[in-house]
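Below is one structure, written out as structure tokens; comments come after it.
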Amino acid sequence: MTPRTPQAGEEADDLDVEEALALVNDAHTPGDRPSGDRRRPNDGTHGNKGPHGTPASGAPVHRDGTDWAEARATAERAPRLRGGHRGGHLTPVSVPLSSALGLTLAGPLIALTDLPSFDTSAMDGWAVSGPGPWDVREEGVLAGHTAHAPLTDGEAVRIATGARIPPDTTAVLRSEHGRTDDNGRLHATAATRAPHTVSHGQDIRPRGQECRNGDQLLPVGTLVTPPVLGMAAAAGYDTLTVVPRPRAAVFVLGDELLGEGLPHDGLIRDALGPLLPPWLRALGADVVDVRRVGDDEDALHQALTACDADIVVTTGGTAAGPVDHVHPTLRRLGAELLVDGVAVRPGHPMLLARFAEQQYLVGLPGNPLAAVSGLVTLAEPLLRTLAARPAPEGYTLPLRDAVQGHPHDTRLVPVALRGDRALPLLYNGPAMLRGIAAADALAVVPPGGAKPGYEAELLDLPWASGGIGVCFT
């Protein structure tokens, strides 16, 4: 949506932080507020459902919103509160192994066989019986072949890694640890015991060494990674029961957006159309629809009514301007508004709603970095619950430089990770992408700001930890 001019008595998220601070008479310097205190002042104008208005002094009042941490918690638990599975995730499905990567196990992985399912050779060499030297059979034992005849004392047979151990085998003698003489008899050349002997069971993988039939290999909730796929295949699985990816639709709202070329005549390039779908895929969604919707309430209502995705992500239109149609459309749909504004900068006018029983709408602001803030605040925890994915491990790093804060709200600031410190990046205004494009994470800065060395909570960006090829598949 085209940024509008803030009216008296309200704050626009389009304002840069410095401009927002200029609106407040009691601006704090970094560090004035205790570093762990994310509470907002209780001065009668900042309640969870406080009204807009202007105090007697005439200064604009801070527009209310849900605490940032509480908004994330609300998004995470929203699918658990109505219908569906107790955990809030989508109904499990059975998929072939080739389609299970990145999904979450909906049940424990139980071994369907012993692993290995028979005694196997751990090395290339000879299967030997009794003490050496040994007479060597002419025909060797290869992997995948049927059982070989039992060995007798003083007898050996060539064997390949993974091949089935013949009955009455004492041990496997590695190729590099044996030699044959001119008479074709095998001698141990690197025995650790008396000459011509080997340890019982040496280099043999006994049946059931890794697991027995019926053992639990992995618990419910495990993320299916390439090693998990390999384990499942080895344990006898052709399919896995998993939680499917939530189906997501992206509606980019606005008449002023261009799909190509340079901005002109009041039109601007659409940055969120290219940004949102791959980011949602990185969060575990299956993006099934990406479309433009003009500044028309009926068009938005029709698009939402016809959509069967589990989550719809919209851009812009969440404020109260003349072409901001998200709230009126949600009212027409009888939607339940779960989060309506968040005390975070950028991204204050984001929202989360439930409509059509178990569909969700995440309304992102139209400014690009503000939209990113909405993604990590509302879309990420919601998708994580729907897909039954584990929460990322939280961590902190000290900030290298001071960060100016908002007087009342949490700030999310792009940072680059440099050794054991987080470097706050410039170009972090709501409409800017230059900072986040160079970032590894977002730092959570409390109201009032932070001094150098402040231990900031960090939210990793998907590609920083997983790599492009891992997180965008």
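Residue indices begin at 1 and follow the sequence shown.
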Quiz item: How would you list all residue pairs meeting side-chain hydrogen bond (donor to acceptor under 3.5 Å, both in side chains) that involve residues 102-120, not counting sequence neighbours?
Solution: D114-R207, D114-R212
Practice problem: Check the pair I311, L383 against side-chain contact (heavy atoms from CB on, under 4.5 Å), reporting the backbone distance first and the verdict last. | Solution: CA-CA 8 Å; I311 174 175; L383 287 167; 3.8 Å; yes
Quiz item: Is a donor on one side and an acceptor on the other found under 3.5 Å between the side chain of T318 and the backbone of P349?
Solution: yes
Quiz item: Between the side chain of T189 and the main-chain N/O of H177, is any donor-acceptor distance below 3.5 Å?
Solution: yes
Quiz prompt | Residue pair L173 / W134, side-chain heavy-atom distance below 4.5 Å | solution = yes
Quiz item: Does any non-hydrogen side-chain atom of L461 lie less than 4.5 Å from one of I436?
Solution: yes
Practice problem: Could you check if a side-chain atom of L240 sits within less than 4.5 angstrom of a side-chain atom of L105, using non-hydrogen atoms only? | Solution: yes
Practice problem: Taking all heavy atoms of A456 and all of V444, pick out the closest pair and write down the distance. | Solution: CB-O, 4.1 Å
Quiz item: Quick one: side-chain hydrogen bond (donor to acceptor under 3.5 Å, both in side chains) pairs with a partner in residues 304-314, sequence neighbours left out?
Solution: R247-D308
Quiz item: Do the side chains of Y454 and P398 get nearer than 4.5 Å, heavy atoms only?
Solution: no
Self-check item: side chain to side chain contact (heavy atoms under 4.5 Å, CB included) against A233, all qualifying residues, sequence neighbours excluded
Solution: L97
Quiz item: To the nearest 0.5 Å, what is the distance between NE2 (H348) and OG1 (T66)?
Solution: 8.5 Å
Quiz item: What pairs with R421 under salt bridge (charged side-chain N to carboxylate O under 4.0 Å, His left out), at least two apart in sequence or on another chain?
Solution: none
Quiz item: Among all residues two or more places apart in sequence or in another chain, which pass the side-chain hydrogen bond (donor to acceptor under 3.5 Å, both in side chains) test with E76?
Solution: R384
Quiz item: Within a strict 4.5 Å, meaning less than it, do heavy atoms of the P166 and V157 side chains meet?
Solution: yes
Quiz prompt | Enclosure of D181 CG (heavy-atom neighbours >12, cutoff 6.0 Å) | solution = yes
Practice problem: Using atom types as modelled and distance alone, determine if a side-chain donor or acceptor of R72 lies under 3.5 Å from a backbone N or O of V376. | Solution: yes
Exercise. Mind checking side chain to side chain contact (heavy atoms under 4.5 Å, CB included) for P108 and listing every partner two or more places apart, or none if nothing turns up?
Key: I110, Q216, V220
Quiz item: Got a second to check how far L333's CG is from Q359's CD, nearest 0.5 Å?
Solution: 9.5 Å
Self-check item: Side chain S99, main chain V95, donor-acceptor under 3.5 Å
Solution: no
Exercise. Determine yes or no for a side-chain-to-main-chain donor-acceptor pair under 3.5 angstrom, with R269 supplying the side chain and G261 the backbone.
Key: yes
Quiz item: Less than 4.0 Å between a side-chain N and a carboxylate O, is that true for R411 and D409?
Solution: no
Quiz item: Is there a donor-acceptor contact under 3.5 Å from the side chain of T329 to the main chain of L300?
Solution: no
Quiz item: What pair of heavy atoms forms the shortest contact from V198 to A171, and how long is it?
Solution: CG2-CB, 3.6 Å
Quiz prompt | Under the side chain to side chain contact (heavy atoms under 4.5 Å, CB included) test, residues paired with S175 that sit two or more places apart | solution = D124, R158
Self-check item: Interatomic distance, L352 atom CG to Y360 atom OH [nearest 0.5 angstrom]
Solution: 8.0 Å
Quiz prompt | Minimal non-hydrogen separation, V415 against P424, with atom names | solution = CG1-CA, 3.7 Å
Quiz item: Looking only at heavy atoms, what is the nearest atom pair of T161 and A143, with distance?
Solution: O-CB, 3.8 Å
Exercise. Supply the atom-to-atom distance M350 CE to L375 CG, rounded to the nearest 0.5 angstrom.
Key: 9.0 Å
Quiz prompt | Closest heavy-atom pair and its distance - L337, A353 | solution = CD1-CB, 3.9 Å
Quiz item: Judged by atom type as modelled, is there a donor-acceptor pair below 3.5 Å linking the side chain of W126 to the main-chain atoms of V136?
Solution: no
Quiz prompt | Residue among L218, L101, L217 satisfying side-chain contact (heavy atoms from CB on, under 4.5 Å) with V228 | solution = L218
Quiz item: What residues, two or more places apart in sequence or in another chain, satisfy salt bridge (charged side-chain N to carboxylate O under 4.0 Å, His left out) together with E70?
Solution: R77
Quiz item: For L103, does its backbone N or O pair with a side-chain atom of R389 as donor and acceptor, under 3.5 Å?
Solution: no
Quiz item: Is there a side-chain contact (heavy atoms from CB on, under 4.5 Å) between S94 and T239 once you walk through the steps?
Solution: CA-CA 6 Å; S94 180; T239 63; 3.4 Å; yes
Practice problem: Answer whether the closest heavy-atom distance between the side chains of V242 and P92 falls below 4.5 Å. | Solution: no
Self-check item: Residue pair D289, V312: steps toward the side-chain contact (heavy atoms from CB on, under 4.5 Å) verdict
Solution: CA-CA 9 Å; D289 188 13; V312 179; over 6 Å; no
Quiz item: Can you name the salt bridge (charged side-chain N to carboxylate O under 4.0 Å, His left out) partners of R179, sequence neighbours left out?
Solution: none
Practice problem: Taking all non-hydrogen atoms of both residues into account, name the closest pair between A248 and L280 and its distance. | Solution: CB-CD1, 4.5 Å
Exercise. Kindly write out the residues that satisfy side chain to side chain contact (heavy atoms under 4.5 Å, CB included) with P167, not counting sequence neighbours, or none if the list is empty.
Key: P150
Practice problem: Supply the atom-to-atom distance L378 CG to W68 CH2, rounded to the nearest 0.5 angstrom. | Solution: 10.5 Å
Quiz prompt | Partners passing salt bridge (charged side-chain N to carboxylate O under 4.0 Å, His left out) against D153 (at least two apart in sequence or in another chain) | solution = none
Quiz item: For atom CZ of F118, is the number of surrounding heavy atoms from other residues, nucleotides or ligands below 6.0 Å larger than 12?
Solution: yes
Quiz item: Is it true that a side-chain atom of T315 and a backbone atom of L253 form a donor plus acceptor pair closer than 3.5 Å?
Solution: yes
Quiz prompt | Spacing of CZ belonging to R205 relative to CG belonging to L115, to within rounding of 0.5 Å | solution = 7.5 Å
Practice problem: Would you indicate whether the side-chain heavy atoms of D440 and W463 approach each other to under 4.5 Å? | Solution: no
Exercise. In sequence, state the C-alpha distance, the side-chain angles, and the governing distance for V344 and S373, and then conclude on side-chain contact (heavy atoms from CB on, under 4.5 Å).
Key: CA-CA 8 Å; V344 67; S373 177; 4.0 Å; yes
Self-check item: Selection residues 127-139 - residue pairs positive for salt bridge (Lys or Arg N to Asp or Glu O under 4.0 Å), sequence neighbours left out
Solution: D135-R185, R137-E155
Quiz item: Hey, are the side chains of H89 and P79 touching, using non-hydrogen atoms and a 4.5 Å cut-off?
Solution: no
Quiz prompt | S121 side chain vs M123 backbone, donor-acceptor pair below 3.5 Å | solution = yes
